[in-house]
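Below is the structure I would like to discuss, written out as structure tokens.
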Amino acid sequence: MKIIDIINSGKPTISMEVFPPKTDDKFNSIMQATEEIAALRPDFMSVTYGAGGGTSKFTAEIAENIQNKYGVPTLAHLTCVSSDKDKIDSVMNDLQSRGIENVLALRGDIPQGFDRTKCEYHYASELIDDIRSHGDFCIGGACYPETHPESPTSMKDIENLKIKVDKGCCFLTTQMFFDNNILYNFIYRVREAGINVPIVAGIMPVTNAAQVKRIREISGSQLPSRFIRIVDRYGDNPLAMKQAGIAFAVSQIIDLYANGVNSVHVYTMNKPEVAKAIMDNISYIIK
Ligand code: FAD
């Protein structure tokens with residue numbers, strides 16, 4: 001099933017992101033975690049591709065397993081910057097043979113010391129034609145409510161986003177954010193720029209204090225004071241921090257639905273118990 005049809009169904013949707021193992025020996029435990037998340041029956045699940053040093057070789061396998069075993073439609077991430085056309089071609093053939101219909105077209109982070117002049121791909125938008133040449137895929141893209149870190153201005157970033165959408169992205173998933181007003185403001189500016197595709201809000205439940213430092217490094221997200229107070233108060237108490245982090249994410253999600261943002265994507269960090277707690281807390285809201 002195509003993600004765009006799920007998003008356009010009119011009902012509030014909840015989807016979950018998982019990532020493949022970094023090493024082969026972790027494959028079984030991560031497959032188990034992804035299955036436990038799939039068993040919660042989110043509207044769809046996405047599987048990352050080589051993100052954060054993870055391997056890309058299991059993305060298609062995990063996505064296929066979730067789809068076949070649990071009937072949950074999947075979105076396979078695909079990055080291009082350190083790839084070439086032959087590699088993209090072979091990944092797309094693999095996805096197609098496994099019945100995956102949805103791809104998140106990404107540039108990927110640029111590895112340190114990488115010579116970009118030798119790349120076949122420079123931006124995610126260049127990947128879109130190559131995905132389309134493989135058939136009728138539903139293609140999504142990433143967007144950044146707080147601006148992509150490499151972009152000189154937020155307006156420039158939105159102009160570049162429009163190129164990606166005009167190329168054929170039919171929905172966008174946001175980078176994580178912790179202040180919903182930032183998203184509402186972003187949506188306003190994106191619509192003003194003539195981008196009309198659905199925007200899926202990416203929510204990261206922060207369940208331990210160490211995550212906060214990493215989030216700042218990778219996303220540059222602003223952390224509202226009410227969130228910082230939670231980390232200050234409960235950061236040294238793992239169980240309390242987990243409970244408070246889940247409650248914070250749930251309150252963000254409910255506020256999003258209440259304000260008309262109908263599609264929410266949870267960065268689960270492969271934690272089934274966190275995904276379950278969120279599903280339990282919104283069960284009547286998404287009915
Ligand atoms: P692009 O859309 O290409 O944009 C990158 C930068 O280039 C931006 O600053 C943009 O403004 C600029 N730009 C775009 N087009 C042009 C143009 N034509 N001319 C000039 N400038 C331009 N990484 C992974 O490795 N694996 C994953 O699975 C993964 N999943 C992700 C999922 C989501 C929802 C998000 C938000 C990010 C994900 N990432 C993943 C991280 C992502 O790869 C990085 O943020 C990366 O730095 C940018 O990727 P992009 O596809 O947004 O790039």
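Positions are given from 1 along the sequence. Just the heavy atoms: all of them, side chains too, but no hydrogens, waters or symmetry mates, feed the values below.
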Inset, instruction - Write down the atom of P224, the atom of D179, and the distance for their closest heavy-atom approach. - result: CG-CB, 4.3 Å
Inset, instruction - Tell me, with the steps shown, if K156 and E159 meet salt bridge (charged side-chain N to carboxylate O under 4.0 Å, His left out). - result: CA-CA 5 Å; K156 192 74 206 155; E159 277 171 33; 3.2 Å; yes
Inset, instruction - Supply the atom-to-atom distance L183 CG to I199 CD1, rounded to the nearest 0.5 angstrom. - result: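 Going from the CG atom of L183 to the CD1 atom of I199 covers 7.0 Å.
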Legend entry - Note, I62 side chain near P21 side chain (heavy atom, < 4.5 Å): yes
Inset, instruction - Compare all side-chain heavy atoms of T207 with those of M269 and state whether any distance is below 4.5 angstrom. - result: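 They are not in contact (no side-chain heavy atoms under 4.5 Å apart), so the answer is no.
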Inset, instruction - Report yes if the side chains of Y144 and D157 come closer than 4.5 Å at any heavy-atom pair, otherwise no. - result: yes
Inset, instruction - With rounding to the nearest 0.5 Å, note down the distance linking CD1 in I14 to OG in S283. - result: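 Between I14 CD1 and S283 OG, I get 11.5 Å after rounding to 0.5 Å.
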Legend entry - Separation between SG of C170 and CD1 of I139, rounded to the nearest 0.5 Å: 7.5 Å
Legend entry - Heavy-atom side-chain proximity of I230 to F248 below 4.5 angstrom: yes
Legend entry - Pair D84-Y121, side-chain donor/acceptor within less than 3.5 Å: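 No, Y121 and D84 have no side-chain donor paired with an acceptor closer than 3.5 Å.
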Inset, instruction - Considering non-hydrogen atoms only, spot the tightest contact between T174 and G202 and give its length. - result: OG1-N, 2.8 Å
Inset, instruction - Apply the salt bridge (charged side-chain N to carboxylate O under 4.0 Å, His left out) test between D130 and each candidate in K167, K85, K87; give the one that qualifies. - result: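 Result for salt bridge (charged side-chain N to carboxylate O under 4.0 Å, His left out) with D130: K85.
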Legend entry - Residues that D24 engages under side chain to side chain donor-acceptor pair (under 3.5 Å), provided they are two or more places apart: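 D24: side chain to side chain donor-acceptor pair (under 3.5 Å) contacts with K57.
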Legend entry - Side chain E17, main chain V266, donor-acceptor under 3.5 Å: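 No; judged by distance alone, with no hydrogens or angles, the pair does not exist.
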Legend entry - Nearest-0.5 Å distance that lies between atom NZ in K164 and atom CG in L127: 10.5 Å
Inset, instruction - Classify the ring geometry between F44 and F171 as parallel (under 30°), tilted (30 to 60°) or perpendicular (over 60°). - result: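 Perpendicular, since the angle between the ring planes exceeds 60°.
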Legend entry - Q222 vs I182 side-chain heavy atoms within contact, under 4.5 Å: yes
Inset, instruction - Kindly say whether H134 contributes a backbone atom to a donor-acceptor pair with the side chain of Q96 at under 3.5 angstrom? - result: yes
Inset, instruction - Say whether L75 and M31 are linked into one hydrophobic cluster, either directly or through other cluster members, by side-chain heavy-atom distances under 4.5 angstrom. - result: no
Inset, instruction - Flag the pair F19 / H77 as yes when their ring centroid distance falls below 6.0 Å, and as no otherwise. - result: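 Ring centroids of F19 and H77 are no less than 6.0 Å from each other.
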Inset, instruction - Heavy atoms only: give me the nearest G168-R132 pair and the separation to one decimal. - result: CA-NH1, 3.5 Å
Inset, instruction - Give a yes or no on this: more than 12 heavy atoms of other residues, nucleotides or ligands lie within 6.0 Å of atom CD of E273. - result: yes
Inset, instruction - Evaluate the criterion salt bridge (charged side-chain N to carboxylate O under 4.0 Å, His left out) for residue pair K276 and E36; output intermediate values, then yes/no. - result: CA-CA 9 Å; K276 181 172 186 316; E36 284 176 37; over 6 Å; no
Inset, instruction - Quick one: closest heavy-atom pair of M1 and E101, and the distance? - result: N-OE2, 2.5 Å
Legend entry - Side chains of D255 and N259, donor plus acceptor under 3.5 Å: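 Yes, side-chain donor-acceptor contact under 3.5 Å.
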Legend entry - Distance in Å, I187 CD1 paired with N185 CG, rounded so as to fall on 0.5 Å steps: 10.0 Å
Inset, instruction - Spell out, as yes or no, whether a donor-acceptor pair under 3.5 Å connects the side chain of S221 to the backbone of M176. - result: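 The answer is yes, because a donor-acceptor pair under 3.5 Å joins these two groups.
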Inset, instruction - Give a yes or no on whether Y184 atom OH has more than 12 heavy-atom contacts from other residues, nucleotides or ligands under 6.0 Å away. - result: yes
Legend entry - Nearest heavy atoms of N102 and I3, plus distance in Å: OD1-N, 2.9 Å
Legend entry - Donor-acceptor contact below 3.5 Å, side chain Q211 vs main chain V206: no
Inset, instruction - Answer with yes or no whether the side chains of N160 and H148 bring together a donor and an acceptor at under 3.5 Å. - result: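 No - no donor-acceptor pair under 3.5 Å links their side chains.
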Inset, instruction - For the residue pair P198 and L172, establish whether any side-chain heavy-atom pair is separated by less than 4.5 Å. - result: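 A side-chain contact is absent here, since even the closest heavy-atom pair is not under 4.5 Å.
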Inset, instruction - Verify the distance criterion only: is there a donor paired with an acceptor across the side chains of S15 and H265 at less than 3.5 Å? - result: yes
Legend entry - Distance, nearest 0.5 Å, that separates CZ of F137 from CD1 of I100: 8.5 Å
Legend entry - R107 side chain near H122 side chain, heavy-atom distance below 4.5 Å: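 Side chain of R107 against side chain of H122, heavy atoms only: no contact under 4.5 Å found.
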Inset, instruction - Would you confirm whether K2, through its side chain, and D136, through its main-chain N or O, come within 3.5 Å as a donor-acceptor pair? - result: yes
Inset, instruction - Would you check if V264 and Q252 make a side-chain contact, meaning some heavy-atom pair closer than 4.5 Å? - result: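 No, too far: nothing below the 4.5 Å cut-off.
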Legend entry - E35 versus N65, side-chain donor and acceptor atoms under 3.5 Å: yes
Inset, instruction - Might you confirm whether atom CG of D236 has over 12 heavy atoms from other residues, nucleotides or ligands at distances under 6.0 Å? - result: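 Counting neighbours around CG of D236, 12 or fewer heavy atoms of other residues, nucleotides or ligands fall under 6.0 Å, so no.
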